[in-house]
*Asks:* 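Take a look at this one; I'll ask things after.
Worth knowing before you read on, the calculation uses all heavy atoms, side chains too, and leaves out hydrogens, waters and symmetry mates.
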Amino acid sequence: MVGGLMKFPGISTKLLNISIDSLCKFRNLEKAESLIIDGIRLGILPNVITYNTLIKGYSRFIGIDEAYAVTRRMREAGIKPNVATYNSLISGASRNLMLNRVLQLFDEMLQSGLSPDMWSYNTLMSCYFKLGKHGEAFRILHQDIHLAGLCPGVDTYNILLDALCKSGHTDNAIELFKDLKSRVKPELMTYNILINGLCKSRRVNSAIWMLRELKKSGYTPNAVTYTTMLKLYFKTKRFEKGRRLFWKMKEEGYTFDGYANCAVVSALIKTGKAEEAYECMKELVRSGTRSQDIVSYNTLLNLYFKDGNLDAVDDLLDEIDRKGLKPDDYTHTIIVHGLLSVGYTAGAEKHLACMGKMGMNPSVVTCNCLIDGLCKAGHVDRAMRLFESMEVKDEFTYTSVVHNLCKDARLVCASKLLLSCYNKGMKIPSSARRAVLSGLRMTVSYQAARKTHQKIKAAIECDTLMYP
DNA sequence: CTAGGGTTAG
């Protein structure tokens, strides 16, 4: 291949870069690098783009250190890193939420006399947002960008709008959207971000209004738009509407990547329609998308468990392994929950222990499942031991534990935990409160229930909370 | 750099 490039001096580096790019896209980084070396031997000199492409690949698929190591080889080859080089490194660091690394690279870029561009600032800003450091992110937006003589572009606003939506400030996002239209032209992605934010906060009418705005601006909804609306329909239990939309998506070729199929299948599983779910999954298997990512496998795995098809589960786990896919938090949760649902409590516990041995940290959700399952199987003490060992706990953890403690008549413990939730300002469903209060009334005393009710009132600073 | 799919309690 490289030999052939020699016949076209002048464009040979361009062709080399194209080859490098496609190799990198398919994670063939070693091959890409050996192609560079072959090229040099044949007199085809790599340029800054060649190395930047390689760095982008390393930073995306391997690691930031490995990507950085390429910059050293690049310098040895007499090529100086440019802003794009640093941007690739910075985005790799940002993807892994390595803020210090991002800042360090920024410094290094400045010290080598390079000026960060809008892309660099966008990445930095999005890293701050992803870490929940909104103040810092806004400082980049309102100060640093202007000090650098740059102007926020539509991409900058996309990042900002998405962060606002994801942190529950959908109203601010809408406000900003109305305001920014005078400065930049919203992209299709801008609309999708907002529609998604509105759907997630269940603002159905606003989402539909935004969809109309999207069309009014001359854009055509794409697979992302439709998948977002599809989820909204399922969430609001408008199954017929969802079914019709999915049908339309299939007809118009919007289901090529399997995203919509996964959404539909999980909705079908939740409504107990395993048959239809299998039907919908078949298509995914046929299209080959299934072989590409763990999400489709997780969906299918969940389906097999819910259907009690444990042989298929076994086969599928083997297949995941064979394909070299990496099980993620969802996979582990589905396995633990699935084992519990078929009554195999010991297996679920074993799975968690295995994860620990392999150096994996089970997620909060995985632990929540096991806690709940252990309680329901009558092992409340073991569940409580796991509960106490958890570093991160969420609403689900507490809700489940409180309910299960009530069922087990451990009211003192349950009411203590419930109160700690209110004191932390944690949102906990009122069903948990009712379970504790009625439990106290039944098994302790009416006075104890009243007293706890008073404490809850004080904790949430509310006088009108009715005593059930 | 930025948008959509998959997991848990009641």
*Asks:* Going by number, which of residues 158-172 of chain A have a non-hydrogen atom under 4.0 Å from DNA chain B?
*Replies:*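 Those residues are A:Asn158, A:Ile159, A:Asp162, A:Lys166.
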
*Asks:* Scan A:Asp328 against the nucleic acid and name what it touches under 4.0 Å (heavy atoms): base, sugar-phosphate only, or nothing.
*Replies:*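 Touches a base.
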
*Asks:* For residues 119-131 of chain A, which residue pairs pass the salt bridge (Lys or Arg N to Asp or Glu O under 4.0 Å) check, not counting sequence neighbours?
*Replies:*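 Checked against salt bridge (Lys or Arg N to Asp or Glu O under 4.0 Å) - neighbours excluded - no pair reaches residues 119-131 of chain A.
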
*Asks:* A:Leu405 has an atom CG; how far is it from atom P of B:dG10, in whole Å?
*Replies:*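 The distance from CG of A:Leu405 to P of B:dG10 comes to 13 Å, rounded to the nearest Å.
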
*Asks:* Measure NZ/A:Lys56 against C1'/B:dC1 and give the value in whole Å, please.
*Replies:*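 That distance rounds to 12 Å.
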
*Asks:* With the threshold set at 4.0 Å, does a side-chain nitrogen-carboxylate oxygen contact exist between A:Glu388 and A:Lys393?
*Replies:*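 Here A:Glu388 does not pair with A:Lys393 in a salt bridge, since their nearest N and O are not under 4.0 Å apart.
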
*Asks:* Can A:Phe396 be called stacked on B:dA9 when the rule is centres closer than 5.5 Å and an angle between planes below 30°?
*Replies:*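 Whether judged by distance or by angle, A:Phe396 falls short somewhere, so it does not stack on the base of B:dA9.
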
*Asks:* To the side chain of A:Ser126, which of B:dT7, B:dT2, B:dA9 is closest?
*Replies:*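 Ranking B:dT7, B:dT2, B:dA9 by closest atom to the A:Ser126 side chain puts B:dT2 first.
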
*Asks:* Among residues 411-422 of chain A, which ones have heavy-atom contacts with DNA chain B below 4.0 Å?
*Replies:*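 Those residues: none at all.
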
*Asks:* How long is the line joining CG of A:Leu97 and P of B:dC1, in whole Å?
*Replies:*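 It works out to 14 Å between those atoms.
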
*Asks:* Between B:dG4, B:dC1, B:dG10, which one does the side chain of A:Ser431 approach most closely?
*Replies:*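 Shortest atom-to-atom distance from the side chain points to B:dG10.
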
*Asks:* Which nucleotide, B:dA3, B:dT7, B:dG10, lies nearest any side-chain atom of A:Val224?
*Replies:*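 The nucleotide sitting nearest to the side chain is B:dA3.
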
*Asks:* Can you check salt bridge (charged side-chain N to carboxylate O under 4.0 Å, His left out) on A:Asp293 and A:Lys326, steps first, answer last?
*Replies:* CA-CA 9 Å; A:Asp293 71 0; A:Lys326 208 173 128 39; over 6 Å; no

*Asks:* Quick check on the 6.0 Å ring-centre criterion: do A:Tyr121 and A:Phe106 meet it?
*Replies:*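 They qualify: ring centres under 6.0 Å apart.
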
*Asks:* Test salt bridge (charged side-chain N to carboxylate O under 4.0 Å, His left out) on A:Asp171 and A:Arg203; report intermediate values, then the result.
*Replies:* CA-CA 11 Å; A:Asp171 284 316; A:Arg203 299 189 21 202; 3.1 Å; yes

*Asks:* Less than 6.0 Å separating the ring centroids of A:Tyr157 and A:Phe177?
*Replies:*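 No; A:Phe177 has its ring centre 6.0 Å or more from that of A:Tyr157.
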
*Asks:* When you look at A:Asp318 and A:Arg322, which way does the salt bridge (charged side-chain N to carboxylate O under 4.0 Å, His left out) test go after all the steps?
*Replies:* CA-CA 6 Å; A:Asp318 281 341; A:Arg322 268 204 312 279; 5.4 Å; no

*Asks:* Contact class for A:Ala263 (heavy atom, under 4.0 Å): base, sugar-phosphate, or nothing?
*Replies:*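 Since only primed, P, OP1 and OP2 atoms lie under 4.0 Å of A:Ala263, the category is sugar-phosphate.
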
*Asks:* Roughly, in whole Å, what's the span from CE in A:Met229 to P in B:dG4?
*Replies:*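 Taking atom P of B:dG4 as the reference, CE of A:Met229 is at 15 Å.
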
*Asks:* Of the nucleotides B:dA9, B:dT2, B:dG4, which has the atom closest to the A:Asp257 side chain?
*Replies:*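 Output: B:dG4.
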
*Asks:* When you measure only distances, ignoring hydrogens and angles, does the side chain of A:Asn222 come within 3.5 Å of the base of B:dA3 through a donor and an acceptor?
*Replies:*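 Yes.
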
*Asks:* Under 4.0 Å between any heavy atoms, over every strand shown, what does A:Asn261 touch: base, sugar-phosphate, or nothing? Just pick one.
*Replies:*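 Nothing, no heavy atom under 4.0 Å.
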
*Asks:* Please list, by residue number, the residues of residues 187-209 of chain A whose heavy atoms come closer than 4.0 Å to an atom of DNA chain B; answer none if no residue qualifies.
*Replies:*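 Those residues whose heavy atoms fall under 4.0 Å from DNA chain B, taken from residues 187-209 of chain A in numerical order, are A:Met189, A:Asn192, A:Ile193, A:Asn196, A:Lys200.
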
*Asks:* What is the separation between atom CG on A:Asp293 and atom P on B:dG4, rounded to the nearest whole Å?
*Replies:*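 Rounded to whole Å, this separation is 15 Å.
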
*Asks:* Please evaluate residues A:Tyr219 and A:Glu187 with respect to the criterion side chain to side chain donor-acceptor pair (under 3.5 Å), reporting the C-alpha separation (whole Å), side-chain torsions for both, the decisive distance (0.1 Å), and the verdict.
*Replies:* CA-CA 8 Å; A:Tyr219 290 113; A:Glu187 296 175 329; over 6 Å; no

*Asks:* Think A:Lys231 has a side-chain N or O under 4.0 angstrom from the OP1 or OP2 of B:dG4?
*Replies:*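 Result: no.
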
*Asks:* Have a look at A:Thr333 and say if it touches a base, only the backbone sugar-phosphate, or nothing, with a 4.0 Å heavy-atom cut-off.
*Replies:*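 Base: the residue A:Thr333, judged by heavy atoms under 4.0 Å, touches a nucleobase.
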
*Asks:* A:Lys407 side chain N/O closer than 4.0 Å to the phosphate oxygens (OP1, OP2) of B:dA9?
*Replies:*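 No, outside the criterion.
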
*Asks:* Provide, to the nearest angstrom, the distance between the CG atom belonging to A:Leu232 and the P atom belonging to B:dA3.
*Replies:*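 In whole Å, B:dA3 P and A:Leu232 CG are 19 Å from each other.
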
*Asks:* Should A:Phe129 and A:His134 be marked as a ring pair (Phe, Tyr, Trp, His ring centres under 6.0 Å) after you check the CA-CA gap, both sets of side-chain angles, and the distance that decides it?
*Replies:* CA-CA 5 Å; A:Phe129 274 129; A:His134 288 217; 5.0 Å; yes

*Asks:* Assess whether one donor atom and one acceptor atom, taken from the side chain of A:Ser400 and the base of B:dG10, lie less than 3.5 Å apart.
*Replies:*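 No, the side chain and the base share no sub-3.5 Å donor-acceptor pair.
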
*Asks:* Which pairs of donor and acceptor atoms, one on a side chain in residues 406-430 of chain A, lie under 3.5 Å apart (sequence neighbours left out)?
*Replies:*
unit_1, atom_1, unit_2, atom_2, d
A:Asp408, OD2, A:Arg410, NE, 2.8
A:Asp408, OD2, A:Arg410, NH2, 3.3
A:Arg410, NH1, A:Asp381, OD1, 3.2
A:Arg410, NH2, A:Asp381, OD1, 3.3
A:Ser415, OG, A:Leu411, O, 3.0
A:Ser415, OG, A:Val412, O, 3.0
A:Ser420, OG, A:Leu417, O, 2.7
A:Asn423, ND2, A:Leu419, O, 3.2
A:Lys424, NZ, A:Tyr398, OH, 2.8
A:Ser430, OG, A:Arg434, NH1, 3.3

*Asks:* Is the phosphate of B:dC1 approached by A:Arg60 (side-chain N or O, under 4.0 Å from OP1 or OP2)?
*Replies:*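 So the side-chain polar atoms of A:Arg60 do come within 4.0 Å of the phosphate oxygens OP1 or OP2 of B:dC1, strictly under.
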
*Asks:* Of all residues at least two apart in sequence or in a different chain, which pass the side-chain hydrogen bond (donor to acceptor under 3.5 Å, both in side chains) check with A:Asp315?
*Replies:*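 A:Asp315 satisfies side-chain hydrogen bond (donor to acceptor under 3.5 Å, both in side chains) with no other residue.
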
*Asks:* Using the six-membered ring wherever Trp is involved, compare the ring planes of A:Tyr304 and A:Tyr278 and label them parallel, tilted or perpendicular (cut-offs 30° and 60°).
*Replies:*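 Ring orientation, 0 to 90° scale: tilted.
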
*Asks:* A:Leu340 CG to B:dA9 P: how many Å, rounded?
*Replies:*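 Value for this atom pair: 10 Å.
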
*Asks:* Apply side chain to side chain donor-acceptor pair (under 3.5 Å) to the pair A:Asn87 and A:Asn52, showing each step before the final yes or no.
*Replies:* CA-CA 9 Å; A:Asn87 284 346; A:Asn52 284 351; over 6 Å; no

*Asks:* CG of A:Asn368 versus C1' of B:dT8: gap in Å, rounded?
*Replies:*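 Answer to the nearest Å: 6 Å.
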
